[in-house]
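We use all heavy atoms of the structure for the numbers below, so side chains are in, but hydrogens, waters and symmetry mates are not. Order of the sequence lines sets the chain letters (A, B, ...), proteins ahead of strands, with each chain counted from 1.
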Protein chains: 2
Amino acid sequence: MKISQFAKQAGVSVETVRYYHREGLLAVPENSGSYRQYTNVHINKIAFIQKAKLAGFTLDEIKQLERLDASRDKDEIRRISEDKMQLLETKIAELVMAQTFLSELVLACKKSDNEPCPILTELRDT
Amino acid sequence: MKISQFAKQAGVSVETVRYYHREGLLAVPENSGSYRQYTNVHINKIAFIQKAKLAGFTLDEIKQLERLDASRDKDEIRRISEDKMQLLETKIAELVMAQTFLSELVLACKKSDNEPCPILTELRDT
DNA sequence: GTTGACTACGTACCTAGGTACGTAGTTTAC
DNA sequence: GTAAACTACGTACCTAGGTACGTAGTCAAC
């Protein structure tokens with residue numbers, strides 16, 4: 001299939017497909033005539049990229065995972081995955097703290113009557 | 001005090017101070033002689049910005065909060081804060097899903113013996 | 001045989017929050 | 001009185017993951 005049908009099936013934009021080509025994430029398919037012919041191989045590859053993104057990997061890391069897969073370097077794949085989990089852990093903790101902080105402020109704001117909003121005074125003074 | 005001492009006390013870089021000036025987040029202090037004189041007012045303002053960042057607000061939103069504070073618009077401040085909490089909620093849920101997914105994969109990888117690493121095969125097939 | 005849709009390619013632009021650099025003026029130390 | 005350090009200002013650059021646009025080629029339909 002040609003690029004626009006492929007992009008539609010893969011659930012990304014044509015520009016994104018080209019971007020992945022440029023970044024070396026997605027092999028450029030052979031031409032059939034003047035245009036590139038995309039196949040299920042490419043669909044699967046895009047699906048893999050999307051899933052790895054959902055798992056928190058960056059595009060660079062996804063490229064790296066592919067290389068390690070090719071070289072069957074299981075230990076390194078696991079190391080990278082564990083690092084990523086640690087990073088997710090940290091980010092989650094940060095966001096939870098922000099959320100807790102903010103929810104306390106909003107609660108205080110609801111309780112306050114005609115005083116100035118505690119959200120800003122707390123941010124200023126705590 | 002002059003900008004470099006101020007930046008040090010505020011815990012940001014000189015470039016960041018200037019950036020905040022450019023973005024209209026931090027008022028440019030009066031000159032004393034040829035150079036700007038920073039005071040505790042500016043220190044407090046930077047501290048406020050840092051805390052609001054920790055609470056998950058973007059610099060644009062922090063500017064907006066200041067304006068609403070000046071106009072004493074408590075309802076709008078609370079609305080923005082609740083929106084932000086919702087956004088934090090969503091982001092946290094996404095990260096937790098990524099983390100859960102990844103931890104299952106790493107666990108499967110540890111259990112596997114001489115098979116190919118399940119992390120990549122799962123990403124490919126699930 | 002020309003219009004419209006599609007493709008390929010290259011380059012610029014976008015957000016967010018800065019960072020870095022070059023130039024020119026000023027102040028401080030010796 | 002001059003060299004080092006500091007300041008002000010403007011502009012360019014950075015990451016990440018794309019998006020948008022301009023040009024030129026190609027293909028199918030009418």
Side-chain angles (χ1 to χ4, degrees), chain A residues 1-39 42 45-66 80 84 87-88 91 94-95 98, chain B residues 1-39 42 45-66 80 84 87-88 91 94-95 98:
Chain A
M1 77 195 89
K2 282 186 283 185
I3 194 167
S4 53
Q5 198 197 334
F6 168 65
K8 189 174 256 178
Q9 279 201 33
V12 297
S13 77
V14 168
E15 300 299 329
T16 299
V17 174
R18 288 200 222 287
Y19 176 67
Y20 287 175
H21 287 327
R22 283 202 296 280
E23 292 299 302
L25 265 161
L26 188 65
V28 176
E30 297 294 299
N31 276 19
S32 155
S34 309
Y35 299 140
R36 294 163 176 175
Q37 275 298 320
Y38 292 85
T39 66
H42 304 94
K45 189 66 175 273
I46 290 255
F48 169 76
I49 294 169
Q50 306 286 69
K51 269 177 280 180
K53 278 183 54 180
L54 275 181
F57 291 104
T58 65
L59 299 187
D60 266 359
E61 287 164 342
I62 295 169
K63 263 191 285 186
Q64 199 184 351
L65 286 178
E66 298 276 8
I80 291 173
K84 179 58 57 181
L87 200 143
L88 288 172
K91 277 196 183 168
E94 280 171 16
L95 294 186
Chain B
M1 76 196 88
K2 281 186 284 186
I3 194 168
S4 53
Q5 198 197 336
F6 168 65
K8 190 174 256 178
Q9 278 200 34
V12 298
S13 78
V14 168
E15 300 299 329
T16 298
V17 174
R18 287 199 222 287
Y19 175 68
Y20 286 175
H21 288 326
R22 282 202 297 279
E23 292 299 302
L25 264 162
L26 187 66
V28 176
E30 297 294 300
N31 275 20
S32 153
S34 309
Y35 299 141
R36 294 163 175 174
Q37 275 298 320
Y38 291 85
T39 67
H42 303 94
K45 187 66 176 272
I46 290 255
F48 169 76
I49 293 169
Q50 305 287 70
K51 269 176 280 178
K53 279 182 53 179
L54 276 182
F57 292 105
T58 65
L59 299 186
D60 267 358
E61 286 164 343
I62 295 169
K63 263 190 286 186
Q64 198 184 352
L65 285 178
E66 298 276 7
I80 290 173
K84 179 57 58 178
L87 199 142
L88 287 172
K91 276 195 183 169
E94 279 171 18
L95 294 186

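Checked against dG18(C), dT7(D), dC6(C), the side chain of Thr16(B) finds its nearest nucleotide in dG18(C). In the set dT19(D), dG17(C), dC6(C), dC6(C) carries the atom at the smallest distance from any side-chain atom of Ser4(A). Distance from the side chain of Tyr35(A) is smallest to dC6(C) among dC6(C), dT26(C), dT19(D). The side chain of Leu59(A) lies closest to dG18(D) when the candidates are dT19(C), dG18(D), dG17(C).
Distance, Glu15(B) CD to dG10(D) P: 14 Å, rounded to whole Å. Taking atom CZ on Arg18(B) and atom C1' on dG22(C), their separation rounds to 13 Å, with Å as the unit. Atom NE2 in His21(A) sits about 16 Å away from atom C1' in dG17(D), given to the nearest Å. Put simply, CD1 on Ile49(A) is 12 Å from P on dG17(D), counting in whole angstrom units. For the pair Gln64(B) CD and dA16(C) P, the computed distance is 13 Å after rounding to whole Å. Rounded to an integer number of Å, the gap from CG of Asp60(B) to C1' of dG18(C) is 14 Å. Atom CG of Leu25(A) and atom C1' of dG18(D) are 12 Å apart (whole Å). Rounded to an integer number of Å, the gap from CD of Gln37(B) to P of dT27(C) is 12 Å.
For the side chain to side chain contact (heavy atoms under 4.5 Å, CB included) criterion with Leu25(A), the lone passing option out of Tyr19(A), Tyr20(A), Phe48(A) is Tyr20(A).
Taking side-chain N and O atoms only, Lys53(A) has a distance below 4.0 Å to OP1 or OP2 of dG18(D). Dashed line: the shortest gap from a side-chain N or O of Ser34(A) to OP1 or OP2 of dA8(C) is not under 4.0 Å.
Residue Tyr20(A) is in sugar-phosphate contact alone, with no base atom involved, counting any heavy-atom pair closer than 4.0 Å across all strands shown.
Between Leu54(B) and Ala98(A), the shortest heavy-atom distance links the atoms O-CB, 3.1 Å. In this structure, Ala27(A) and His21(A) approach most closely via the heavy-atom pair O-CE1, 3.3 Å.
For dT19(C), its base sits under 3.5 Å from the side chain of Arg22(B) at one donor and acceptor pair at least.
Mapping Ser13(B) and Val28(A) onto DNA chain C via the closest heavy atom, the residue that lands nearer the 5' end is Val28(A). DNA chain D is contacted by both Val14(B) and Lys2(A); Val14(B) maps to the nucleotide lying nearer its 5′ end (nearest heavy atom per residue). Take the nearest nucleotide of DNA chain C for Asn31(A) and for Tyr19(B): the residue whose nucleotide is more 5' is Asn31(A).
Under the 30°/60° scheme for interplanar angles, the aromatic rings of Phe6(A) and His42(A) are found to stand perpendicular.
Although no hydrogens or angles enter the test, the distance criterion places no donor-acceptor pair under 3.5 Å between the side chain of Lys63(B) and the main chain of Gly24(B).
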